[in-house]
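A short write-up of the structure that comes next.
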Amino acid sequence: MKYNKLLFVILISVLTLFIRSEEVDYNYTVIAEGLDRPWSLAVIDDRNIIFTELSGSLRQIKDGELLLAPVAGTPEVLFKGQGGMSGVVLDPDFQNNKVLYLAFSARDEGTRTNTLKVIRAVLSNNELKDIKEIYSAFPSRNTALHYGAKMVFMDDGTLLITNGDGFNYREKAQTLDNHFGKIVRINSDGSLPEDNPFSGNSNALPEIWSYGHRNPQGIINYQGNIYGLEHGPMGGDEINIIKPGNNYGWPAITYGKDYNGSIISPFTEMKGMEQPIKYWVPSIAPSGMMLYDKELFPEWTGSIFVSSMKPGSVRRLELEGNQIIEEHIIFDDLSRIRDIAFLPNGSILLATDGSGGEIIKVQPN
Amino acid sequence: MIRTFFDLLLAALVVTILVVVVSTSSNLLWLSSLNMPIDFNLVTSTFLKDVVGMNFNSQIPLYLLISIPLILFLFCTKLISRKIWMNRTFPYVLAGGMSMLFLMIFLPFALDNLEPISGSRTNIGKLCMTICGCLGGYIYSLMQTSKGENEI
């Protein structure tokens, strides 16, 4: 009897330890506030961060302090619907060349249409110089939704740009003569790599890397694997492993329904179309993604983090190979989270959505 | 008056079902063009799910969306045509078609060019939707005729 009690106490102690080992004690520090719809984060180092505001600004946190003046010389954007100053990514050699890339929606001159554009520019003090347009999505659209507009560099130095389906043009995501619902790959100067999967196909645009996407707003490169994150309609948000030439199915296969309640497609899988490694029904409105490979939060190392806006939280997804084996909801005491990144020291950055948005640093206690 | 109101609601119901037919058909036809396996059972089940989904799981029920302009257009036509000595079938057909056309123009105008009814995004889709409205107007005129209100 005495031994049984001892065994019980030991068991409870071990269980408590185990549960505690899953708990992570952290705190939030607001490092920038009063922002106008912060949208995308790019980390230079532990104390220097660049981020976009959808309303049209590029802002800097320099030596840990938010610069009051936005970066000068940014292009004019179409700030409407989901459009505006969107993705920002640093050149792989940014420490030396100070080059960055901006994705934004822009009105076509003299028309009522608009499109997604990407520029390359040099950041000099708090000003953009040597601006060059390196990508313009084709064709233009008359809607201001579903731009995609996130970017990532591949290991070979080429740039992947996500393009949304423009909402009204969803069927075009399945044809290769346009950029709706595509991930495109270009060189950092805007030229075309010769080894794109459709470069020899006269019926396809040569920039296309993958197709059948809806509104991909997260893309990361981890050890050469490209993970794409996209918004579904009502349900059907997805994480995909992006490979050249693959068709990710939208809208021919989907786990979501249309906002008007109708069936977009009765199919969720089809030969020749890729399955996501993770999908959400109902939607979580995923906004940004990172793969945490730092040691500051050792329990989280190797997990994919997805920021979400419905409800505002972060989903930590445990990876085993390319399979997601468990999902944890964290940071759910903040508002809608628009983007997520980590600093070289392992702290996590969150950008909260909307006017009055904040950039929050998460550190262990 | 109650009968007229009931007839208007019934006409709106018919148009709603026809619009779902067009929307579901256009969607399935497109999927079929991608060599997706579409069979009769799938058509039937998708149509029934769309009827339920578009009216009960939508942010704005389709029936409500269609009813408001259709009832307004048909009722106005009824009031105006009382003053004019003419056969009312054609004005009702026209009013039904116009109400759908109005809806397809008004919705994108109000929603920054978004077209929430996917079946109406193409010109053929818009034409089909307008014909649905015309049929609704025609059915309403038939119901009015059976009441003897449509006599010259």
Side-chain angles (χ1 to χ4, degrees), chain A residues 78-84 105 107 111-114 140-147 164-176 180 211-212 214-215 233-235 247 249-254 256-273 281-283, chain B residues 16 19-66 103-104 107-123 125-126:
Chain A
L78 171 70
F79 174 47
K80 184 181 178 185
Q82 295 174 351
S105 53
R107 198 182 291 279
T111 69
R112 302 178 109 185
T113 57
N114 68 90
S140 293
R141 75 259 294 284
N142 68 357
T143 58
L145 287 178
H146 295 196
Y147 290 96
D165 70 354
F167 193 92
N168 282 359
Y169 312 91
R170 68 185 189 198
E171 286 81 7
K172 289 183 184 290
Q174 282 297 317
T175 51
L176 297 170
F180 289 115
Y211 65 109
R214 184 173 180 269
N215 190 20
M234 285 204 299
N247 178 358
W250 173 258
I253 57 170
T254 176
K257 283 185 180 174
D258 209 341
Y259 293 114
N260 65 17
S262 67
I263 304 286
I264 294 165
S265 169
F267 304 102
T268 55
E269 53 189 73
M270 192 57 56
K271 196 180 170 192
M273 297 179 186
V281 177
S283 274
Chain B
T16 304
V19 165
V20 176
V21 168
V22 171
S23 197
T24 308
S25 307
S26 68
N27 207 19
L28 293 180
L29 277 171
W30 178 76
L31 287 169
S32 174
S33 73
L34 297 179
N35 299 320
M36 310 285 272
I38 308 290
D39 57 27
F40 181 74
N41 287 341
L42 193 75
V43 172
T44 314
S45 66
T46 307
F47 168 70
L48 291 175
K49 282 177 188 170
D50 279 354
V51 170
V52 174
M54 293 173 90
N55 288 291
F56 298 102
N57 298 330
S58 173
Q59 287 163 350
I60 304 172
L62 183 66
Y63 180 66
L64 189 69
L65 206 61
I66 287 173
L103 190 67
M104 286 181 291
L107 278 181
F109 183 74
L111 299 171
D112 271 342
N113 293 326
L114 301 187
E115 302 209 38
I117 304 171
S118 57
S120 68
R121 285 174 192 159
T122 60
N123 288 336
K126 284 185 176 66

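Residue numbers begin at 1 in each chain, while the letters A, B, ... track the order of the sequences.
Interface remark: Asp258(A) contributes side-chain atoms only to the contact with chain B (heavy atom separation under 4.5 Å). At a 4.5 Å heavy-atom cutoff, the contact between Arg170(A) and chain B is made by side-chain atoms alone. At a 4.5 Å heavy-atom cutoff, Lys271(A) makes no contact with chain B through either its backbone or its side chain. Proximity to chain A involves both the backbone and the side chain of Pro37(B), based on heavy atoms less than 4.5 angstrom apart. Heavy atoms of Asp112(B) lying under 4.5 Å from chain A belong to its backbone as well as its side chain. Residue contact with chain B, scored on non-hydrogen atoms closer than 4.5 Å, involves the side chain of Leu145(A) exclusively. Neither the backbone nor the side chain of Leu111(B) comes within contact range of chain A; no heavy atom of the residue lies under 4.5 Å from a heavy atom of that chain. If you measure heavy-atom distances from Leu42(B) to chain A, the contacts under 4.5 Å come from the side chain alone.
The shortest side-chain heavy-atom distance between Phe167(A) and Arg121(B) falls under the 4.5 Å cut-off. In this structure, Thr143(A) and Tyr169(A) have side chains that are in contact, with non-hydrogen atoms separated by less than 4.5 Å. Under the 4.5 Å side-chain criterion, counting only non-hydrogen atoms from C-beta, Ser23(B) is in contact with Met54(B).
Contact tally against chain B (heavy-atom pairs below 4.5 Å) for Gly81(A), Ala144(A), Ser265(A): the top residue is Ser265(A). Heavy-atom pairs under 4.5 Å with chain B peak, among Ile253(A), Asn168(A), Ile264(A), Ile263(A), at Asn168(A).
Among His146(A), Arg214(A), Lys172(A), the one residue that satisfies the side chain to side chain donor-acceptor pair (under 3.5 Å) test with Asp165(A) is His146(A).
Of the inter-residue distances, the one linking Thr46(B) atom OG1 with Asn27(B) atom CG reads 8.5 Å to the nearest 0.5 angstrom. To the nearest 0.5 angstrom, Asp50(B) atom CG is 3.5 Å from Thr24(B) atom OG1.
Looking only at atom types and distance, the side chain of Tyr259(A) has no donor-acceptor partner in the side chain of Asn57(B) under 3.5 Å away.
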